[in-house]
Amino acid sequence: MDQLAGKQGTWSFDDGKVVIQYAAGWLAPALHKALVRSEVPMEAIAGVEFRARMGGAKKKGWELRLRLHERTDPYSFVGAALSRDEPFLLTGDAKKELVAEYYADQIRFAAEQAGRPAPGTATRLVAALPLHIQVHEGTAAFDGSSLSLQWAGNASGPKRARQRMEYPLESIEKVEWVPSDGWEYGLLRVVERGGGDRKAVKPAKDLACLLFDEGAEQGRALLMAATVTAYLWAAEDGGRAAGEPPMVDGPPAGGAPSAAGEGAPPPEGEDPDPQSRVIYARIRELGRLHAEGLLTDEEFGAKKAELLDRL
């Protein structure tokens, strides 16, 4: 597999995906540290941007950026560009410019041949579930079916009195992420469906807000906002009925078959409903995790049986 190293980490790629291993130094962006690694399927890539960075008349380096299809990049959607946490950007010095440009062309060609992304592709680019983060004001947890906010002792009186809020996925319209400006805390805010007439409340007293500090906390909160957004898209694109629980509790992915040979897509010619496609994709992902030793036989069997029962 070809590799290209840059300041943000190392990109490896073939015809099927771009594998990003993020740099982990103390200067690395907080989101990159939280993600550690990302695999971007070629079909998710809508375009590849490459440009030389100039310092006057002299080249100082290069930038390679992946642009993903609509409703495939939850990081961009929630505002990653407002910080330096862009997950699909790689930069390097001028010495590797020609090599980097060559690889940019290769990725562009492979993406053009790959077709359009399947529904739920965004969930392959975010955190594995369940996701739990801890920040200045408390914690947030998301398991694919609901998002919970819980406040610590340094939160405001109304939040300490309430202690915890639970938001089912189907009740969430979107999750907002606003980075810290260095003077005020950043915020993670849940916007509920049908909440247009809700009174404005200061973030410190808003029961739909979790405040976070700069640095690592900001990256964790961004990862949470992006993860919930990806699962909202998957639910909407999968045609899930209002009030019906989500069909997955982890990132669906195509590719590797189940380790037990079960859960393969229906025979050619059949047209499964969107919920079935999500379940089959999730079983394939469980098979991959089991084959890599990340799930025990018992965990794999239990999760697979649970998903098959939903068909």
Side-chain angles (χ1 to χ4, degrees), residues 29-31 33-35 74-75 77-80 82-83 85 122-123 126-236 240-251:
L31 174 65
K33 292 181 181 180
L35 274 172
Y75 302 100
F77 183 83
V78 300
L82 297 175
S83 66
D85 292 74
T123 61
V126 294
L129 300 185
L131 174 62
H132 179 276
I133 67 168
Q134 182 169 359
V135 295
H136 161 78
E137 200 180 39
T139 62
F142 179 62
D143 63 2
S145 62
S146 66
L147 171 65
S148 65
L149 305 181
Q150 186 165 338
W151 294 281
N154 56 355
S156 66
K159 290 182 176 179
R160 291 199 306 272
R162 185 59 183 257
Q163 294 187 334
R164 175 188 173 93
M165 287 289 290
E166 188 92 15
Y167 297 93
L169 186 66
E170 59 267 23
S171 74
I172 300 173
E173 179 178 331
K174 62 180 178 178
V175 175
E176 297 177 337
W177 174 82
V178 180
S180 168
D181 61 4
W183 296 95
E184 302 288 343
Y185 288 114
L187 62 89
L188 182 74
R189 177 188 284 125
V190 180
V191 178
E192 294 185 271
R193 297 184 187 275
D197 56 351
R198 184 171 174 269
K199 291 182 179 179
V201 182
K202 290 184 178 180
K205 297 182 179 180
D206 190 347
L207 296 179
C209 275
L210 185 67
L211 302 183
F212 56 81
D213 210 340
E214 298 177 276
E217 292 189 5
Q218 188 158 286
R220 294 179 207 134
L222 175 55
L223 181 58
M224 177 62 76
T227 300
V228 177
T229 297
Y231 279 86
L232 284 171
W233 287 346
E236 294 165 1
R240 183 168 58 88
E244 183 181 348
M247 301 308 297
V248 296
D249 60 357

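Just the heavy atoms: all of them, side chains too, but no hydrogens, waters or symmetry mates, feed the values below.
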Where do [X] and [Y] come nearest, in terms of heavy atoms and distance?
X      : Y      : value
Thr123 : Ala234 : CG2-CB, 3.9 Å
Tyr75  : Val126 : OH-CA, 3.3 Å
Ala140 : Leu188 : CB-CD2, 4.4 Å
Gln150 : Leu210 : O-CD1, 4.3 Å
Leu207 : Tyr167 : O-OH, 3.0 Å
Ala221 : Trp177 : C-CD1, 3.7 Å

- prompt: Would a distance-only check, ignoring hydrogens and angles, find a side-chain to backbone donor-acceptor pair under 3.5 Å from Arg193 to Glu170?
  reply: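 Checking the backbone N and O of Glu170 against the side chain of Arg193, a donor-acceptor pair under 3.5 Å is found.
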query: Do any N or O atoms from the side chain of Ser146 and from the backbone of Glu166 form a donor-acceptor pair under 3.5 angstrom?
result: no
- prompt: Does Tyr185 have any ring-ring contact (aromatic ring centres under 6.0 Å, His included) partners at least two apart in sequence or in another chain, and if so, which?
  reply: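 Listed in chain order: His136.
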side-chain contact (heavy atoms from CB on, under 4.5 Å) partners for [X], two or more places apart:
X      : value
Phe77  : Thr229, Trp233
Gln163 : none
Glu214 : Ser180
Pro203 : Leu187, Arg189, Cys209, Leu211

field: Between CZ on residue Arg220 and CG on residue Asp213, distance to nearest 0.5 Å
entry: 10.5 Å
- prompt: Just how far is it from atom CE of Met165 to atom NZ of Lys159, taken to the nearest 0.5 Å?
  reply: 11.0 Å
Answer yes or no: is there a side-chain heavy-atom contact under 4.5 Å between [X] and [Y]?
X      : Y      : result
Val175 : Met224 : no
Leu169 : Leu232 : yes
Thr227 : Leu129 : yes

- request: Enumerate the residue pairs fulfilling ring-ring contact (aromatic ring centres under 6.0 Å, His included) with a member in residues 141-164, sequence neighbours excluded, ordered by first and then second residue.
  value: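 Of all non-adjacent pairs touching residues 141-164, those that pass ring-ring contact (aromatic ring centres under 6.0 Å, His included) are Phe142-Tyr231.
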- prompt: Are there more than 12 heavy atoms of other residues, nucleotides or ligands under 6.0 Å from atom CZ of Arg164?
  reply: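 Counting neighbours around CZ of Arg164, more than 12 heavy atoms of other residues, nucleotides or ligands fall under 6.0 Å, so yes.
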Neighbour count above 12 (heavy atom, 6.0 Å) for Glu173 CD: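 More than 12 heavy atoms, drawn from other residues, nucleotides or ligands, come within 6.0 Å of this atom.
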query: Just one of Leu223, Val228, Leu222 clears the side chain to side chain contact (heavy atoms under 4.5 Å, CB included) bar with Val78, so which one?
result: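 The option that passes is Leu222.
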